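Have a look at the structure below, then the notes.
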Amino acid sequence: MLDARLIRANPEKVEQELQKRNLSGTLDRFLLLDEERRRILGRAEELKNFRNTASQEVGKLKKEGKSADELMEKVRQAGQEIKEFDDQLKEIETKIEAILLGIPNLPHESVPVGKDESSNLEVRRWGEPRQFEFEPLAHWDIGPNLDILDFERAAKLSGARFVVYKDWGARLERAVINFYLDVHTGQHGYREILPPFMVNSDCMTGTGQLPKFAEDMFKVDGREMYLIPTAEVPLTNLYREEILEAKDLPLYLTAYTPCFRAEAGSHGRDTRGIIRLHQFNKVELVKITTAETSYDELEKLTGNAEKVLQLLGLPYRVVLLSTGDMGFSAAKTYDLEVWMPGYHDYKEISSCSNCEDFQARRANIRYRPAPKAKVQYAHTLNGSGVAIGRTVAAILENYQEEDGSVTVPEALRPYMGGLERISKRA
RNA sequence: GGAGAGAUGGCCGAGUUGGCUGAAGGCGCUCGCCUGCUAAGCGAGUAGACGGCUUAAAACUGUCUCGAGGGUUCGAAUCCCUCUCUCUCCGCCA
């Protein structure tokens, strides 16, 4: 959520920034309603002031045994008017709230301006894509061939866009989860959290999924509960409605969770394999920081995500998203794209964003910079550290051998009972 | 799912015959004094939101907030209704 006072003070500037995100005329209605709100608020408060002072006067008169009937009648009339003004205010404020909740974050000045992903900027590459002496397969062939991924039975259980992991496939998924958590907690200083996988709508509004993207989520029937689309939601909302101490910041949080996405608009993209599923696993990184440090922390967080890919020996590149490709809540986003031989291309495996105070304002996450100082909104960051399923897909494709087996990356072997190679079960 | 108790400031905790109580007291924290250091002691300060004023901030000022929403009243932390959550007991369950 943007700061209403910022919009009021610099409407042209904000409008200009929103145009970078391909929006226009977003603020007109807000400005109109905002002005009306303040007009009515002023009149309502004047009347309330009268009511307060007059009511005290009534008390005094009664104590002195004098008649207060006349004054009481005046206050009663004022009360009627106040009620009318308050009703109007409530209506206007509901509208203003709805508008503000629907406006995306403003891009940071360092973000390239563009309509879509074609304006994204490649920042750096790590690792050399392997040269194969045979035609590498895609993971949706490798997995079923080894009988470690089963799409047909997943469809029987749950339909399209689900997968069943079996044997070493299941073990590999679990190994990657544990490996990532161990690296982030042991080497990068994150606290491990195991949150609920279902949260209420306040959380979803807090991080920006609601009200605009309700159709992307799975809602629990008959309840105001949603399956989390990412651990970013419970991790960031952990501190919703709280005032934090500056000395406790920055907070580094990590969690493994499954993620559930309805993604109504994604039909036809990545229909094969485990790249785009309704349920996938992810280790997420979240930071809650001050305004002063959030951009340094974004670089570090991105580096933390990169580190696990490096340890697995998976080639990747870092891409700075353009204004047209960024998510709703982000001010700046780096995507990590891992090399996928089956695609002959890089595929997104992590998205690291600084949301500045956009989520903090929605979720009311604040901190006190110094013991007596005024509270401020915190800055929130999140990044995949990284997606588990896509990691497994990348391992299958990058480490495949000509005989159909898959070499286990060395870093994962301790998590795989020492296994060096996944071969078909005898 | 059934029965009961509760929800007050950063934390604990008074306040329910409605009226100078945005809220006693304590803890914590900040500043100052005192002290050879530390501790103890003394003094002062210490909620947030939304408006007005201001170039802006501070100061000043108004309104709102004692779980949430609604009601009664000239006036509600205090009375009434609904909801949410927490705790205890019972039931069920991994």
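Predicted model, so just to flag it, every value in this text is computed and none were measured. Order of the sequence lines fixes the chain letters, A, B, ..., with proteins taken first and strands second; residue numbering starts at 1 for each chain. Reckoned from all heavy atoms, side chains included, excluding hydrogens, waters and symmetry mates.
- Of the options Leu106(A), Val113(A), Thr323(A), a side chain to side chain contact (heavy atoms under 4.5 Å, CB included) to Glu17(A) is made by Leu106(A) and by none of the others.
- Checked against the 6.0 Å centroid threshold, Tyr415(A) and Phe179(A) count as a close aromatic pair.
- Taking the six-membered ring for Trp and the full ring otherwise, the centers of Tyr252(A) and His184(A) sit at least 6.0 Å from each other.
- No more than 12 heavy-atom neighbours from other residues, nucleotides or ligands sit within 6.0 angstrom of NZ on Lys74(A).
- Other residues, nucleotides and ligands place no more than 12 heavy atoms under 6.0 Å from the CE atom of Met198(A).
- No contact: Lys74(A) has no heavy atom under 4.0 Å from any strand.
- Summarising the base pairing, G18(B) is matched to no nucleotide, lacking a Watson-Crick or G-U wobble pair whose two defining distances lie under 3.5 Å.
- Across all strands shown, A94(B) forms no Watson-Crick or G-U wobble pair with both key distances under 3.5 Å.
- A3(B) is paired with U88(B) under the Watson-Crick or G-U wobble criterion, all donor-acceptor distances under 3.5 Å.
- If you check every strand for non-hydrogen atoms under 4.0 Å, Arg39(A) touches nothing.
- Annotation: A3(B) and G62(B) have their P atoms spaced 48 Å apart (nearest Å).
- Phe213(A) and Phe328(A) have their aromatic ring centers within a separation under 6.0 angstrom.
- Distance check on atom C1': G25(B) versus G15(B) gives 11 Å, rounded to whole Å.
- Not less than 6.0 angstrom separates the ring centroid of Tyr256(A) from the ring centroid of Tyr180(A).
- As judged by a 4.0 angstrom heavy-atom cut-off over every strand, Val75(A) is placed among residues touching the sugar-phosphate backbone only.
- The gap from the P atom of G71(B) to that of U61(B) amounts to 32 Å, rounded to the nearest Å.
- Using a 4.0 Å heavy-atom cutoff across all strands shown, Asp69(A) reaches no nucleic acid atom at all.
- Checking C37(B) for Watson-Crick or G-U wobble geometry (two distances, each under 3.5 Å) identifies no partner in any strand.
- A donor-acceptor pair under 3.5 Å is formed between the side chain of Asp150(A) and the backbone N or O of Arg153(A).
- With both ends at atom P, the span from G28(B) to C83(B) equals 42 Å, rounded to whole Å.
- Between A14(B) and G9(B), the two P atoms lie 13 Å apart (nearest whole Å).
- For the P atoms, the distance from C11(B) to G48(B) is 13 Å, rounded to whole Å.
- Across the P atoms, G26(B) and G41(B) are found 12 Å apart, a figure rounded to whole Å.
- The 5' end of RNA chain B is approached more closely, in terms of each residue's nearest nucleotide, by Gly59(A) than by the other of Gly59(A) and Ala44(A).
- A nucleotide of RNA chain B counts as in contact with chain A when one of its atoms lies under 4.0 Å from a heavy atom; the first and last such, 5' to 3', are G19(B) to G75(B).
- Across all strands shown, A58(B) has no partner, as no Watson-Crick or G-U wobble contact with both distances under 3.5 Å is found.
- Here Leu41(A) lies in heavy-atom contact (under 4.0 Å) with sugar-phosphate atoms only.
- Contacts of Arg5(A) with the nucleic acid, taken as non-hydrogen atoms under 4.0 Å apart, involve only primed sugar atoms and P, OP1 or OP2.
- Nucleotide A49(B) is matched to U63(B) when pairs are restricted to Watson-Crick or G-U wobble geometry with both distances under 3.5 angstrom.
- In this pair, His278(A) and Phe162(A) present their aromatic rings tilted. The plane angle is within the 30 to 60° band.
- Comparing the same atom, P, in C92(B) and in C29(B) gives a spacing of 49 Å after rounding to whole Å.
- Residue Lys63(A) is the one, among Lys63(A) and Ala54(A), whose nearest nucleotide of RNA chain B lies closer to the 5' end (criterion: closest heavy atom).
- Nucleotide C42(B) forms a pair with G32(B), judged by Watson-Crick or G-U wobble geometry with both contacts under 3.5 Å.
- Within the shown strands, nothing qualifies as a pairing partner of A76(B) under the Watson-Crick or G-U definition with both distances less than 3.5 Å.
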